[in-house]
Amino acid sequence: MDHIRCQFAGDDPAVQREAVDLLARCFEVWAERKVAFKGRFPFREQSFVARNKSGVTVGHLGIIPFDVRSGKGDTISMAGVASVAVAPEYRKLGIAGMLCQQATIWAEQNHFAAMPLYTSVFRVYGKNHWQLADPNGVLLKNPHPQSSSYGWKSGAELSCDEQNFIRKLYDQRQDVAGWVVRTGDPYDAVSWQRLFSKPGYLWYIHDSGYLLSVDGTLAEVCGDVPAECAGTDFAFLAAHDPACAGLISAGWRDVSGDYPQPPCWEGEAVMNKVITPGMLPENLFFPLPHKF
């Protein structure tokens with residue numbers, strides 16, 4: 001076996017172009033991203049790479065730093081794990097584990113609270129001390145689903161005033177543990193600009209608030225809940241979000257027990273590795289709009 005060396009590469013553009021090439025070899029979605037983003041990462045990541053003795057990148061793990069609300073007025077720093085790949089000819093050699101170990105040390109040194117990720121490959125991360133996490137969400141089914149897009153707008157269709165209205169309401173909400181602190185930097189994975197540009201993300205504004213639908217699932221509610229939510233079949237919200245009680249009183253049915261994981265997660269589940277014990281609230285929610 002070639003000698004494999006793992007190292008932290010930060011956001012070095014040259015290294016990340018090599019990483020994008022590797023990811024495109026491994027995943028169809030990354031082949032599309034490589035073309036769409038001209039060989040660059042679509043958002044800011046901190047990269048860990050594995051190289052063989054010839055200096056060729058044969059493994060990659062990315063970290064997306066972001067903050068979430070604690071539900072008590074302060075924030076918690078998270079190191080989201082994404083963009084993990086190992087070249088096919090170098091698999092089953094422990095490279096993924098080496099990258100996970102390096103990333104964990106880095107997260108500890110930089111005082112992150114935890115390292116969440118979304119995956120369907122539980123065994124790989126379980127061997128490296130990630131655990132399946134309770135998403136602390138409730139899946140609700142709309143009693144009157146209607147195939148209607150009336151009133152819903154894509155982010156591109158929103159006026160500046162409408163976008164600012166949404167931002168203001170969201171920033172005022174401090175009560176949902178796990179809601180992501182969104183930024184104004186378009187290169188951040190959790191920026192408002194990225195959120196407003198995502199296909200399948202539709203917004204509904206009414207007098208006292210707004211709704212966000214992600215591919216037909218109601219994923220965010222600020223303000224009152226309208227009597228009718230045409231265009232959404234399901235809702236996935238934090239169990240402690242007051243909007244849940246509002247929807248249930250309007251006739252929405254809790255169907256969380258009917259599904260091992262929310263259908264909107266497309267077969268994946270959230271896993272988490274706690275880095276700093278005692279920092280995460282027990283009711284930490286993992287919101288659909290920021291699933292990475």
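F66 is connected to I76 through a chain of hydrophobic side-chain contacts under 4.5 Å among Ile, Leu, Val, Met, Phe, Trp and Tyr, so both are in one cluster.
For D215, the salt bridge (charged side-chain N to carboxylate O under 4.0 Å, His left out) criterion is met by no residue, not counting sequence neighbours. Evaluation of the side-chain contact (heavy atoms from CB on, under 4.5 Å) rule for D188 yields R44, T183, D185, S191 as partners, not counting sequence neighbours. Residues meeting the salt bridge (charged side-chain N to carboxylate O under 4.0 Å, His left out) test with R33, sequence neighbours left out: none. Among residues two or more places apart in sequence or in another chain, the side-chain hydrogen bond (donor to acceptor under 3.5 Å, both in side chains) test is passed with H290 by R182. When the side-chain hydrogen bond (donor to acceptor under 3.5 Å, both in side chains) test is applied to R25, the partners found at least two apart in sequence or on another chain are E89. In terms of the salt bridge (charged side-chain N to carboxylate O under 4.0 Å, His left out) criterion, E266 has no residue partners (sequence neighbours excluded).
Note: W192 and W203 have tilted aromatic rings, judged against thresholds of 30 and 60 degrees for the angle between ring planes.
Judged purely by distance below 3.5 Å, without hydrogens or angles, the side chains of D161 and S159 never pair a donor atom with an acceptor atom.
Grouping Ile, Leu, Val, Met, Phe, Trp and Tyr residues whose side-chain heavy atoms lie under 4.5 Å apart, directly or via other members, leaves F37 alone, with no other cluster members. Through direct or indirect side-chain contacts shorter than 4.5 Å among Ile, Leu, Val, Met, Phe, Trp and Tyr, V15 is connected to V49. Applying the 4.5 Å side-chain rule to ILVMFWY residues, one finds V20, L23, F27, V29, W30, Y187 in the same cluster as F41.
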May I have the list of side-chain donor-acceptor pairs in residues 114-132 shorter than 3.5 Å, sequence neighbours left out?
residue: T119; atom: OG1; partner: V121; partner atom: N; Å: 2.8
residue: N128; atom: ND2; partner: V124; partner atom: O; Å: 2.9
residue: W130; atom: NE1; partner: M115; partner atom: O; Å: 2.6

CA sep, side-chain torsions, deciding dist, call: F236, F286, ring pair (Phe, Tyr, Trp, His ring centres under 6.0 Å): CA-CA 10 Å; F236 183 67; F286 294 88; 9.9 Å; no

Stepwise side-chain contact (heavy atoms from CB on, under 4.5 Å) check, Q163 with I166: CA-CA 5 Å; Q163 289 188 5; I166 289 169; 5.7 Å; no

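Within 6.0 Å of the CD atom in E282, the count of heavy atoms belonging to other residues, nucleotides or ligands does not exceed 12. Around CG of D207, the count of heavy atoms belonging to other residues, nucleotides or ligands within 6.0 Å does not exceed 12.
Sorted by first and then second residue, the pairs that involve residues 5-22 and meet side chain to side chain donor-acceptor pair (under 3.5 Å), not counting sequence neighbours, are R5-Q7, Q16-S47, E18-R51, E18-T57, D21-K34. The side chain to side chain donor-acceptor pair (under 3.5 Å) analysis of residues 91-116, with sequence neighbours excluded, yields the pairs T104-K273.
The one candidate from W179, F196, Y210 that meets the ring pair (Phe, Tyr, Trp, His ring centres under 6.0 Å) condition with Y170 is W179.
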